[in-house]
Amino acid sequence: MKLDKHRTPRTVEREFGGTLGATCIPVFLPLTVLYLLSVCRSPGASLLQWPPPLPHTSQLWDPLVPYLLLGWVAEGMVLRDGTRLKYPINGFHSFCVNAVLLGLGLWLGMPLGYLFELLLPLAVCTVGMSFLLSLYLYLRSFWAPSHALSLGGNTGNPLYDFFMGRELNPRIGSFDLKYFCELRPGLMGWVVINLAMLMKEVELRGSPSLAMLLVNGFQLLYVMDALWNEEAVLTTMDIVHDGFGFMLAFGDLAWVPFTYSLQANFLVVHPQSLSGLGATAIIALNGVGYYIFRQSNSQKNQFRRDPTHPSVAGLETIATATGKRLLVSGWWGLVRHPNYLGDLLMATAWSLPCGVSHLLPYFYVIYFTVLLIHREARDERQCRGKYGLAWDTYCRRVPYRIIPYIY
Ligand code: NDP
């Protein structure tokens, strides 16, 4: 590949607050991760506590951590197919191999609960890794051909482009860096952290609590679903539209495993008792959310892959100038983002086992609501650009975005 020095920077509408956002977010979000982890294990676990319970600098580093992290990522890479020449869809298989190895390790007495003690230094090191990876991605993008660049991350402003990602699908040989990071190290890391919190609870109290089992079970289902349906990630905005820069690298590697596991982390220090009835209601909520999430995502994926398939052929659609059609009945006729609705119901079910005395376990629901509203607006803008009048017709036919009759 040749360095393209004469590329004209594109004028595109900037997202995430433009240069200011792209400068502040890489500082603010890593600090948020460390702050949340520190608050989570403080006795009060209060987000409004002042001064916040800051960790001592000695708690931020452990020489074991870089080995654990590099070992984790390297294992994920090799498990893909051993050769790095192809990119087979085998995330679920890789997950099963990891699960067997982990089970074996636990059976042999591996002290997984010790990860509870290592969580802060692990987060610090992962944040560092995300910065290094983003820097590498930014620099190497100058050797990429212009057709390989993302539309949004090629403005010529280094801070903004570093944040958004210049190259769309950077690869080393046939090893797709973004595709790998999207699902594997972060999602599987999240499950391992959750399990480690459960083991820590067993160490402290002799057995896992019902609340901890629910949180672990729900989130395990979510991760297994994502890996089982790995192919679907190929049509998401992250892969199709966004460049691979700090936003996705940090999100995939650091934000997901460390903030999505906050509920399990919280339960170690703040045990909660849960009635049978309460647990049943929460399981039902998660079930309904999962059903909506899975059915709507599968319906759209099936429709995009093969619109003549019997499961989608009977659905009402509208034509667009691009030749693609839009579903206006079925799940996508209920609201414009039924998959987000299901996701939000599940997110609520993940927090409820932690009781209602603290706000911290609800961090995920709050953050996720903001993320999905913002994501919906971004997708809407892109779809209006792609489909023009047909999109406006769809919006008139299906007026609500995420929650029927509310939003
Ligand atoms: P979606 O799967 O919602 O895809 C949006 C795209 O679907 C649009 O750009 C359009 O693309 C197509 N589309 C929209 N409306 C219609 C229609 N009526 N008929 C046919 N196609 C339509 O995007 P996301 O990537 O945002 O979400 C995927 C899943 O991932 C969701 O379930 C979401 O909740 C989840 N998610 C989870 C996150 C987490 O951190 N847990 C973070 C982000 C997402 P086109 O027409 O070009 O096919």
Side-chain angles (χ1 to χ4, degrees), residues 181-183 186-187 190-191 218-219 221-223 225-227 229-242 247-248 250-262 289-307 312 315-350 363-388 390-403:
C181 289
E182 271 286 294
L183 286 185
L187 281 192
W190 172 19
V191 169
F218 293 160
Q219 298 184 351
L221 171 72
Y222 191 74
V223 170
D225 177 277
L227 294 170
N229 296 288
E230 192 181 6
E231 247 180 295
V233 83
L234 288 172
T235 56
T236 60
M237 239 199 285
D238 293 4
I239 295 287
V240 178
H241 175 263
D242 295 333
M247 177 181 75
L248 285 181
F250 169 80
D252 293 341
L253 300 179
W255 185 261
V256 167
F258 293 101
T259 64
Y260 287 24
S261 59
L262 274 177
Y290 179 71
Y291 182 75
I292 298 175
F293 163 85
R294 176 63 10 246
Q295 290 291 319
S296 54
N297 273 322
S298 297
Q299 192 170 68
K300 177 170 66 78
N301 291 340
Q302 185 60 59
F303 180 69
R304 279 284 172 254
R305 263 205 312 269
D306 175 15
V312 289
L315 294 172
E316 194 188 343
T317 60
I318 47 177
T320 75
T322 66
K324 270 186 177 178
R325 302 186 76 85
L326 289 168
L327 288 164
V328 281
S329 67
W331 288 106
W332 297 79
L334 177 71
V335 282
R336 299 205 292 272
H337 271 284
N339 47 356
Y340 290 2
L341 172 66
D343 231 333
L344 282 173
L345 292 178
M346 282 191 285
T348 311
W350 300 351
F363 173 80
Y364 177 72
V365 192
I366 298 165
Y367 141 81
F368 199 46
T369 306
V370 175
L371 177 139
L372 289 182
I373 288 175
H374 179 238
R375 199 174 167 93
E376 193 277 334
R378 291 181 73 208
D379 189 51
E380 189 98 352
R381 207 168 42 241
Q382 281 163 28
C383 286
R384 183 157 285 117
K386 258 187 298 191
Y387 301 126
W391 186 258
D392 292 332
T393 310
Y394 176 50
C395 293
R396 273 196 303 277
R397 286 285 305 271
V398 185
Y400 292 99
R401 295 173 157 96
I402 302 178
I403 307 174

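Numbering starts at 1 and runs along the sequence shown. Order of listing sets the numbers, starting from 1, for every ligand and every atom in it.
For the atom pair CZ (Arg305) and CD (Glu231), the distance works out to 6.0 Å, reported to the nearest 0.5 Å.
Near Tyr394, the atoms of ligand 1 lying under 4.0 angstrom from a non-hydrogen atom of the residue are 18 (N). Against a heavy-atom cut-off of under 4.0 Å, Phe293 is close to the following atoms of ligand 1: 32 (O). Close approach to Tyr387 involves these atoms of ligand 1, each under 4.0 Å from a residue heavy atom: 45 (P), 46 (O), 47 (O).
No close placement of the Tyr387 and Tyr394 rings is indicated, their centers lying 6.0 Å or farther apart. The distance between the ring centers of Phe368 and Trp350 does not fall below 6.0 angstrom. Residues Phe303 and Trp332 place their aromatic rings such that the two centres sit no closer than 6.0 Å.
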Quiz prompt | Gln299 and Leu315: CA distance, side-chain angles, deciding distance, side chain to side chain contact (heavy atoms under 4.5 Å, CB included) verdict | solution = CA-CA 10 Å; Gln299 192 170 68; Leu315 294 172; 3.6 Å; yes

Practice problem: Take Leu341 and Ile402 through the test side chain to side chain contact (heavy atoms under 4.5 Å, CB included) and record every step on the way to the result. | Solution: CA-CA 6 Å; Leu341 172 66; Ile402 302 178; 4.2 Å; yes

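The proximity of Ser296 to ligand 1, defined as any non-hydrogen pair under 4.0 Å, does not occur for either the backbone or the side chain. Contact annotation: for Asp343 versus ligand 1, heavy atoms closer than 4.0 Å belong to the side chain alone. When heavy-atom distances to ligand 1 are checked against a 4.0 Å cut-off, Tyr364 comes that close only through its side chain, counted from C-beta outward. Contact annotation for Leu327 and ligand 1: heavy atoms of both the backbone and the side chain come within less than 4.0 Å of the ligand.
The shell of residues lying under 4.0 angstrom from ligand 1, judged by heavy atoms, excludes Trp255. Under the 4.0 angstrom criterion for non-hydrogen atoms, Gln382 is not in contact with ligand 1. In this structure, Arg336 falls outside the shell of residues with a heavy atom less than 4.0 angstrom from ligand 1.
Arg375 NH2, 2.9 Å is the protein heavy atom nearest to atom 25 (O) of ligand 1. Among protein heavy atoms, atom 5 (C) of ligand 1 sits closest to Asp379 OD2, 3.4 Å. From the protein, the heavy atom lying nearest to atom 10 (C) of ligand 1 is Cys383 SG, 3.9 Å. Summary of contacts: the protein heavy atom closest to atom 11 (O) of ligand 1 is Lys386 NZ, 3.5 Å. With respect to atom 38 (C) of ligand 1, the closest heavy atom belonging to the protein is Phe368 CE1, 3.6 Å. At the top of the distance list for atom 23 (O) of ligand 1, counting protein heavy atoms only, stands Tyr340 OH, 4.0 Å. Here the heavy atom of the protein found nearest to atom 16 (C) of ligand 1 is Leu326 CD2, 3.8 Å. Atom 4 (O) of ligand 1 has as its closest protein heavy atom Lys300 NZ, 3.2 Å.
Using a cut-off of 4.0 Å between Lys/Arg side-chain N and Asp/Glu carboxylate O, Asp238 and Arg375 are scored as salt-bridged. Using a 4.0 Å cut-off between charged side-chain N and carboxylate O, Arg378 and Asp242 make a salt bridge.
For atom 1 (P) of ligand 1, the nearest protein heavy atom is under 4.0 Å away.
If you check the side chains of Trp190 and Tyr222, you find no donor sitting under 3.5 Å from an acceptor.
Counting heavy atoms from C-beta on, the side chains of Asp379 and Arg336 never come closer than 4.5 Å. Residues His337 and Leu372 fail the side-chain proximity criterion, which asks for heavy atoms closer than 4.5 Å.
When each of Tyr364, Trp255, Tyr367 is tested with Tyr260 by the rule side chain to side chain donor-acceptor pair (under 3.5 Å), just one qualifies, namely Tyr367.
Residue-to-ligand polar distances keep Tyr367 apart from ligand 1: every N/O pair is separated by 3.5 Å or more. When only interatomic distances are considered, the shortest N/O to N/O separation between Tyr260 and ligand 1 falls below 3.5 Å. Of the N or O atoms in Arg325, none lie within a sub-3.5 Å distance of an N or O in ligand 1.
Pairing each heavy atom of Thr322 with each of Thr320, the nearest pair is OG1-OG1, 2.8 Å. Annotation for Ala319 and Arg325: closest pair CB-NH1, 3.6 Å, computed over non-hydrogen atoms.
Of the options Glu380, Arg304, His337, Met346, the smallest heavy-atom separation from atom 20 (C) of ligand 1 is shown by Arg304. Atom 3 (O) of ligand 1 has its nearest heavy-atom neighbour, among Val256, Leu187, Asn339, Val328, in Asn339.
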